[in-house]
**Q** 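Dumping the structure here so I can ask a few things about it.
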Amino acid sequence: MSEQSLAIRKFSDLANPTRFLALSAIVWPWMAAITALFFAVGLYLCFMSVGDYQQGETVRIMYVHVPAAWLSMMCYSVMAASALGTLVWRHPLADVSAKTAAPIGACFTFIALITGSLWGKPMWGTWWVWDARLTSVFVLFLMYLGLIALNRAVDDPARAAKVSAILILVGFVNIPIIKFSVEWWNTLHQPASVIRLDGPTIDPEFLWPLLVMAIAFTLLFFTLHILAMRNEILRRRVATLRRLAARSAGYGEASR
Amino acid sequence: MRLVAERLSARRGEDLIFRDISFEIGPGEALVVKGPNGSGKSTLLRVVAGLLPREAGKVALAGEGAQAFETVASACHYLGHRNAMKRELTVEENLHFWKAFAGDSHGGAGVAIDAAAEAVGLGGIVHLPFGYLSAGQQRRMAMAKLLVAWRPIWILDEPTAALDAAAETMFAGLVNAHLSQGGLALAATHQPLGLGAAQELHMAGFAGVSVEAWA
Amino acid sequence: MTALLFRDLKLAVRAGGGAMIGVLFFMTVVAVIPFGVGPDLNLLARIGPAILWIGALLAALLGLDRLFQAEREDGSLDLILMQETPLVLTVLVKCLAHWLATGLPLVVASPLLALFMNMDAAAMAATMLTLLVGTPAITFIGAAGAAVAVALPRGGLLVSILVLPLAIPVLIFGVSAVYAAVQEPAPFLPPFLFLTALTLVFAVIGPVAAAAALRASTD
């Protein structure tokens with residue numbers, strides 16, 4: 001047996017739902033604890049850092065906004081990887097992973113949009129501009145909601161997973177295209193006058209809290225994702241048990 | 001109370017499905033409508049239930065208690081080919097809805113939801129979504145719907161079509177119990193329903209095209 | 001009757017229900033507009049109320065075709081028709097449930113979309129208020145269309161075609177009320193009262209027409 005196929009076997013062994021439940025039961029409390037630790041340190045750093053001389057206190061929104069925006073994209077990548085798992089390896093755990101990541105991703109995207117809007121009001125004087133970056137994040141948010149709706153609309157979870165996996169992958173290809181097109185679209189109408197964070201190099205004063213918060217948010221995502229996956233697996237088991245109960249009720253009566 | 005139909009005729013499009021059908025059902029009696037496919041059994045039942053317009057003739061309630069009902073339909077339960085239950089809701093929610101929405105009509109009272117489920121042999125699974133049940137179980141739960149709200153007249157269209165022998169016997173028991181409470185039943189079926197002394201009505205089939213419409 | 005209301009609300013939020021889809025559609029339609037007209041905030045603020053109203057109109061029509069079709073498919077419609085309760089009342093309650101499940105979320109979502117359109121607070125409030133008063137009218141008149149198309153295959157598209165022309169007055173008075181609230185000389189109240197009157201009138205003729213159409217649709 002070649003090394004590679006062994007590795008795949010090992011991986012799929014780990015991906016057995018029962019094994020996953022057992023393993024994740026051990027892992028998640030630790031992850032939650034580390035997440036809390038990082039958040040504590042990150043928030044401390046956020047409030048200890050001096051405000052920007054131009055933006056004042058509002059600059060602290062950045063420490064929530066930027067990690068949330070980063071997570072909104074990473075979550076989609078996780079979903080795309082899971083979708084690949086669904087379509088190529090037909091693994092049920094990949095279905096679960098893709099399905100449960102969508103609401104979390106939508107939440108992070110929503111946080112990014114809201115905090116961005118709160119930040120934009122004092123900075124730009126308006127809650128929303130149709131800037132390329134904002135617009136593409138909003139489109140991503142709509143994609144998340146569409147995927148959630150699709151998952152809800154299809155009865156059979158296996159079928160729902162397959163169609164949403166296809167849509168996720170189409171979206172994964174399409175989102176960069178959307179991003180480029182809106183950038184092109186926007187510069188046609190409006191000169192790039194919008195204040196951008198990535199313009200000047202960030203001062204270390206801001207960089208450290210930002211990094212810690214980014215790690216904290218990433219850990220938070222994985223903790224939530226694992227817990228959501230556990231819930232989904234248990235939910236499906238309950239559904240199976242209920243179907244079984246329905247079947248046995250029928251047979252029990254018929255044989256009597 | 002009696003259900004009286006006089007010289008009923010019905011058509012679908014221009015096909016005259018049947019003509020001049022008369023019958024009378026008294027309390028505790030059942031009428032079984034028989035006939036080949038396409039002979040208009042279902043149409044007759046739907047005409048009686050007021051779901052299809054009749055071409056000629058009349059359907060009415062007579063005898064004591066008939067005044068309590070505004071229409072014939074409001075005195076009837078209709079069990080058609082489809083179960084009239086929502087897959088997304090639990091059995092209990094479905095039955096509760098029909099019990100509350102239909103309500104008991106004059107002269108009787110429906111049983112509780114659990115008791116009705118017990119009566120169709122499916123007690124204990126009312127908490128499951130209706131969509132989880134097998135076709136036979138769904139049909140039986142649709143029958144439980146007849147029990148939760150009281151109606152003197154049961155109109156049954158092929159009630160046991162998807163059911164096994166045990167469920168058929170169970171259903172015959174339900175209908176007989178309904179008859180013994182003074183209820184009426186009007187059923188269309190191929191199979192014998194196992195109802196004791198039931199009148200039978202044989203439908204001949206296609207009654208011709210009403211050419212006079214274009215004459 | 002409350003049983004029917006609660007059943008329909010439950011159905012709307014359970015798996016496969018369309019409550020969320022309407023709002024999502026609303027958001028998507030409104031979000032697409034700036035791509036068409038360009039990101040000029042002043043322009044968007046000016047046309048915002050109209051865009052929001054058109055988006056809400058389309059979104060409110062979205063789930064309407066299932067209003068009676070779902071009942072017909074599983075045979076519930078037969079039983080509903082047979083009951084002693086007046087059919088008009090049943091239709092009215094179904095409309096109410098449909099509006100609560102799909103229309104009200106649109107009203108709630110409208111301030112958020114108004115932000116995207118760079119509308120000011122007065123326009124936002126006026127839009128929300130007019131949508132609150134006006135969307136029931138769309139549901140009521142839509143119920144008549146849904147009942148007419150209940151037995152037809154591909155009834156969904158047909159419902160939209162049938163109902164959109166009938167909903168034009170609602171759109172006219174809804175949008176003009178919003179503009180009246182924002183632009184100084186025009187008074188807000190007359191178009192708003194017209195809108196309210198339209199809703200009340202449709203609350204009567206919609207269910208009556210729908211009940212008649214349902215009675216005629218049985219086969």
Side-chain angles (χ1 to χ4, degrees), chain B residues 10-13 17 42-43 45-53 68-90 92-106 129-132 138-139 142 145-146 148-149 151 153-155 157, chain C residues 1-21 63 66-98 101-102 147 150-152 211-219:
Chain B
R11 71 160 86 196
R12 255 185 197 187
I17 306 285
S42 294
T43 309
L45 262 50
R46 290 183 71 84
V47 167
V48 173
L51 294 170
L52 283 180
F69 299 99
E70 243 175 70
T71 57
V72 176
S74 64
C76 298
H77 259 313
Y78 174 75
L79 182 63
H81 294 269
R82 289 164 297 191
N83 292 324
M85 306 277 260
K86 297 287 175 193
R87 298 176 54 82
E88 297 89 348
L89 301 181
T90 66
E92 187 174 10
E93 284 167 336
N94 269 303
L95 290 177
H96 176 80
F97 164 67
W98 285 118
K99 188 176 174 62
F101 184 71
D104 291 323
S105 64
H106 173 76
F130 187 69
Y132 281 19
Q138 292 188 342
R139 193 65 181 159
K145 202 174 61 212
L146 303 177
V148 293
R151 291 284 185 279
I153 304 169
W154 285 10
I155 298 176
D157 195 357
Chain C
M1 275 300 123
T2 48
L4 181 67
L5 185 70
F6 283 122
R7 180 188 77 147
D8 276 17
L9 287 177
K10 267 184 207 159
L11 280 173
V13 295
R14 289 284 160 87
M20 199 179 96
I21 300 205
R66 298 299 297 165
L67 188 60
F68 301 114
Q69 228 171 41
E71 302 284 354
R72 185 190 139 84
E73 274 165 15
D74 66 10
S76 300
L77 186 60
D78 289 342
L79 303 196
I80 288 173
L81 287 174
M82 284 172 66
Q83 302 309 319
E84 228 165 30
T85 32
L87 188 58
V88 178
L89 202 62
T90 308
V91 171
L92 188 71
V93 171
K94 275 192 78 67
C95 288
L96 201 63
H98 185 267
T102 63
V150 66
L152 306 176
L214 286 177
R215 288 244 181 257
S217 75
T218 53
D219 56 359

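Chain A is the first sequence line, chain B the second, and so forth, proteins listed ahead of strands; every chain is numbered from 1.
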**Q** Under a 4.5 Å heavy-atom cut-off, does chain C meet the side chain of B/Arg151, its backbone, both or neither?
**A**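 Answer is side chain: those atoms of B/Arg151 sit under 4.5 Å from chain C.
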**Q** Looking only at heavy atoms, what is the nearest atom pair of C/Ala3 and B/Ala100, with distance?
**A**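 Of all heavy-atom pairs spanning C/Ala3 and B/Ala100, the closest is CB-CB, 3.5 Å.
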**Q** Can you measure from CZ (B/Phe101) to CD1 (C/Ile80) and round to the nearest 0.5 angstrom?
**A**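 Spacing of CZ (B/Phe101) from CD1 (C/Ile80) equals 5.0 Å.
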**Q** Taking side chain as everything from C-beta outward and backbone as N, CA, C, O, which of these in B/Lys99 sits under 4.5 Å from a heavy atom of chain C? Side chain, backbone, both or neither.
**A**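 It is neither, since no heavy atom gets under 4.5 Å.
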**Q** Taking all heavy atoms of B/Lys86 and all of C/Ala70, pick out the closest pair and write down the distance.
**A**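 That closest heavy-atom pairing would be NZ-O, 3.6 Å.
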**Q** With rounding to the nearest 0.5 angstrom, report the CZ to CG distance, B/Phe97 to C/Leu4.
**A**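 Reported value, rounded in 0.5 Å steps: 4.5 Å.
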**Q** Side chain, backbone, both or neither: which part of C/Thr90 has a non-hydrogen atom closer than 4.5 Å to chain B?
**A**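 Just its side chain gets close to chain B.
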**Q** Going by an N to O cut-off under 4.0 Å, is there a salt bridge joining B/Arg46 and C/Asp78?
**A**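 Result for this pair is yes, salt bridge flagged.
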**Q** Which heavy atom of B/Arg82 sits nearest to which heavy atom of C/Arg72, and what is that distance?
**A**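 Closest approach of B/Arg82 to C/Arg72: NH1-O, 3.3 Å.
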**Q** Considering only heavy atoms, which portion of C/Glu71 lies under 4.5 Å from any heavy atom of chain B: side chain, backbone, both, or neither?
**A**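 For C/Glu71, the contact with chain B is made by backbone and side chain together.
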**Q** Out of curiosity, C/Met82 CE to B/His77 NE2, how far, rounded to the nearest 0.5 Å?
**A**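 Answer rounded to 0.5 Å: 8.5 Å.
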**Q** Which heavy atom of C/Glu84 sits nearest a heavy atom of B/Ser74, and at what distance?
**A**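 In this case the closest contact between C/Glu84 and B/Ser74 is OE2-OG, 3.5 Å.
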